Student: 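Pasting a structure here, questions to come.
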Number of protein chains: 2
Amino acid sequence: MTAPAGEGTEWVWKALSDPTRRKVLDLLKRGPRTTGGLAEVFPSLSRFAVMKHLAVLERARLILVERRGRERWNYLNPVPIRQIYERWISDYEGLWAGSLLKLKRHVEQPNERSVRR
Amino acid sequence: MTAPAGEGTEWVWKALSDPTRRKVLDLLKRGPRTTGGLAEVFPSLSRFAVMKHLAVLERARLILVERRGRERWNYLNPVPIRQIYERWISDYEGLWAGSLLKLKRHVEQPNERSVRR
DNA sequence: GTCATATGTGACCATATGGTCACATATTTG
DNA sequence: CAAATATGTGACCATATGGTCACATATGAC
């Protein structure tokens, strides 16, 4: 990964770019889980693979961890997701509405495959 | 990349996970550009590297391309970003507000480093 | 203390990613 | 047509990523 890369949301984007990790977050949205409990949800993955994903999520502070006895409880932290929205996605809201009238001609041709490949 | 992965937004997440590509989108938000015009903005990258990024963005349909003569004009398509928001991010809005009261204890400890590493 | 359980570490591997370079093709201009 | 410009292709490379396995450690239950 080399460097945290200025802004601070960099690791969050990386963490969110994997579907398994997004699914983990979706699960934690409904309440905290232990590492083993999470691993059970992904029968196709080894427990170790799940642990690696959790490490990536933790680095991005998308999850917070509390050790209770020999268990590790993983909690969702929604704050970084909010930041992604506020600092980047929301800037595109203007375009979703209108204002891209000049693009419309090009964008909205039913199923135009990039105007001739 | 292997497979488009069910949902359809998969390539969009991958495309957005790179800071250079997000910067390209930020530039295109202000209007279309040619490939060469974009490459000039990234003096640290070769034109070929920029072209590869554009290919990734095009695969995700985040940009749409029109060839005019010997030039290639790249247009932003904001629709996939909107879908990311609607189909995933917005599901976390509830948590941003309150409703995570049970988490608060754990989440909001000033700078707790994952409760002991 | 001993054993089972829950998690962590280290080594390793295949593929994806981000990048390079050399060269090919297409299009405008004189 | 010839030259300059704009983009595209193929081969290649280093590192990151997602995954495996074997083994180590910590904690709760008897």
Side-chain angles (χ1 to χ4, degrees), chain A residues 1-5 10-25 28 32-60 62-75 113-117, chain B residues 1-5 10-25 28 32-60 62-75 113-117:
Chain A
M1 193 81 4
T2 315
E10 200 50 44
W11 283 346
V12 181
W13 281 110
K14 292 292 183 189
L16 293 180
S17 72
D18 182 86
T20 301
R21 288 193 289 264
R22 289 198 305 279
K23 192 171 176 187
V24 166
L25 295 177
L28 294 182
R33 302 214 187 193
T34 66
T35 300
L38 276 170
E40 284 171 12
V41 184
F42 301 92
S44 60
L45 292 189
S46 71
R47 186 175 55 83
F48 316 92
V50 173
M51 277 180 52
K52 276 203 180 183
H53 282 306
L54 290 176
V56 173
L57 290 168
E58 195 179 359
R59 185 185 62 181
L62 280 161
I63 63 173
L64 298 168
V65 175
E66 179 185 6
R67 280 202 188 58
R68 273 210 288 266
R70 65 183 158 182
E71 293 172 324
R72 167 191 159 126
W73 285 85
N74 304 280
Y75 291 78
R113 22 198 335 276
S114 310
V115 186
R116 238 168 40 71
R117 224 267 123 69
Chain B
M1 195 81 1
T2 315
E10 200 49 45
W11 283 347
V12 181
W13 280 110
K14 293 291 184 191
L16 293 181
S17 72
D18 182 85
T20 301
R21 288 192 290 264
R22 289 198 305 279
K23 192 171 175 187
V24 167
L25 295 176
L28 294 182
R33 302 212 186 194
T34 65
T35 301
L38 275 170
E40 284 171 12
V41 183
F42 300 92
S44 61
L45 292 188
S46 70
R47 186 175 54 84
F48 317 92
V50 173
M51 276 180 52
K52 275 202 180 182
H53 283 305
L54 291 177
V56 173
L57 289 169
E58 194 179 359
R59 184 186 62 180
L62 280 161
I63 63 173
L64 298 169
V65 175
E66 178 185 6
R67 279 203 188 59
R68 274 211 287 266
R70 64 182 159 183
E71 293 172 325
R72 167 191 158 126
W73 285 84
N74 304 279
Y75 291 78
R113 23 197 337 276
S114 310
V115 188
R116 243 171 32 73
R117 226 264 121 74

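Atoms considered below: every heavy atom in the structure, side chains included; atoms not considered: hydrogens, waters and symmetry mates. Treat the numbers as computed from the prediction; the structure is a model and nothing was measured. Quick note on labels: first sequence line is chain A, next is B, and so on, each numbered from 1.
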Student: Rounded to whole angstrom units, what separation is found between the CD1 atom of A:I63 and the P atom of C:dT7?
Tutor: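 In whole Å, C:dT7 P lies 12 Å from A:I63 CD1.
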
Student: Could you say whether A:V56 or A:G69 is positioned toward the 5' end of DNA chain D, judged by the nucleotide with the nearest heavy atom to each?
Tutor: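 Looking at DNA chain D, the more 5' nearest nucleotide goes with A:V56.
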
Student: Round to the nearest Å and state the distance from B:W73 atom CH2 to D:dA6 atom P.
Tutor: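 Interatomic distance, CH2 of B:W73 to P of D:dA6: 11 Å.
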
Student: Taking only distance into account, with no hydrogens and no angle test, what donor-acceptor pairs under 3.5 Å do side-chain atoms of residues 48-56 of chain A form with protein atoms, sequence neighbours excluded?
Tutor:
residue : atom : partner : partner atom : Å
A:H53   : ND1  : A:R21   : NH1          : 3.2

Student: Output the residues of residues 39-47 of chain A in contact with DNA chain D, where contact means a heavy atom of the residue under 4.0 Å from an atom of the strand; sort by number or write none.
Tutor: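 Per residue number, the list reads A:S44, A:L45, A:S46.
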
Student: Less than 4.0 angstrom between a side-chain N/O of A:R72 and OP1 or OP2 of C:dG8, yes or no?
Tutor: yes

Student: Rounded off to whole Å, could you give me the CZ-to-C1' distance for the A:R21 and D:dG19 pair?
Tutor: 12 Å

Student: Calculate the interatomic distance between A:R67 atom CZ and C:dG8 atom P; express it in whole Å.
Tutor: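 Between P of C:dG8 and CZ of A:R67: 5 Å.
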
Student: Are A:R59 and A:E10 within salt-bridge range, i.e. N to O under 4.0 Å?
Tutor: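 The answer is no: the pair does not qualify as a salt bridge.
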
Student: Of the nucleotides C:dT20, D:dG18, C:dT9, which one has an atom closest to the side chain of A:D18?
Tutor: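 The answer is D:dG18.
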
Student: In whole angstrom, give the distance that lies between atom CZ of B:F48 and atom P of D:dG8.
Tutor: 12 Å

Student: Can you tell if the side chain of A:K23 reaches within under 4.5 Å of the side chain of A:F42, non-hydrogen atoms only?
Tutor: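 Side chain of A:K23 against side chain of A:F42, heavy atoms only: contact under 4.5 Å found.
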
Student: Decide yes or no for B:R22 and A:W13: does some side-chain heavy atom of the first lie under 4.5 Å from some side-chain heavy atom of the second?
Tutor: yes

Student: Grab the NZ-P distance between A:K52 and C:dA11 for me, whole Å please.
Tutor: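 Roughly 13 Å, once rounded to whole Å.
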
Student: What about A:R70, does its side chain sit under 3.5 Å from the base of C:dT5 through a donor-acceptor pair?
Tutor: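 Answer yes: a donor N or O sits under 3.5 Å from an acceptor.
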
Student: Rounding to an integer number of Å, can you tell me how far A:M51 CE sits from D:dT17 C1'?
Tutor: 17 Å

Student: When the distance from CZ of B:R59 to C1' of C:dA16 is rounded to whole Å, what number comes out?
Tutor: 10 Å

Student: Can you name the residues that form a side-chain contact (heavy atoms from CB on, under 4.5 Å) with B:E71, not counting sequence neighbours?
Tutor: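 Result, side-chain contact (heavy atoms from CB on, under 4.5 Å) vs B:E71: B:T34, B:W73.
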
Student: Is the phosphate of C:dT17 approached by B:H53 (side-chain N or O, under 4.0 Å from OP1 or OP2)?
Tutor: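 Checking B:H53 against C:dT17: no side-chain N or O falls below 4.0 Å of OP1 or OP2.
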
Student: Less than 4.5 Å apart, any side-chain heavy atom of A:L28 and any of A:L57?
Tutor: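 No. Closest side-chain heavy atoms not under 4.5 Å.
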
Student: Can you check whether B:V65's main-chain N or O pairs, donor with acceptor, with B:N74's side chain at less than 3.5 Å?
Tutor: no

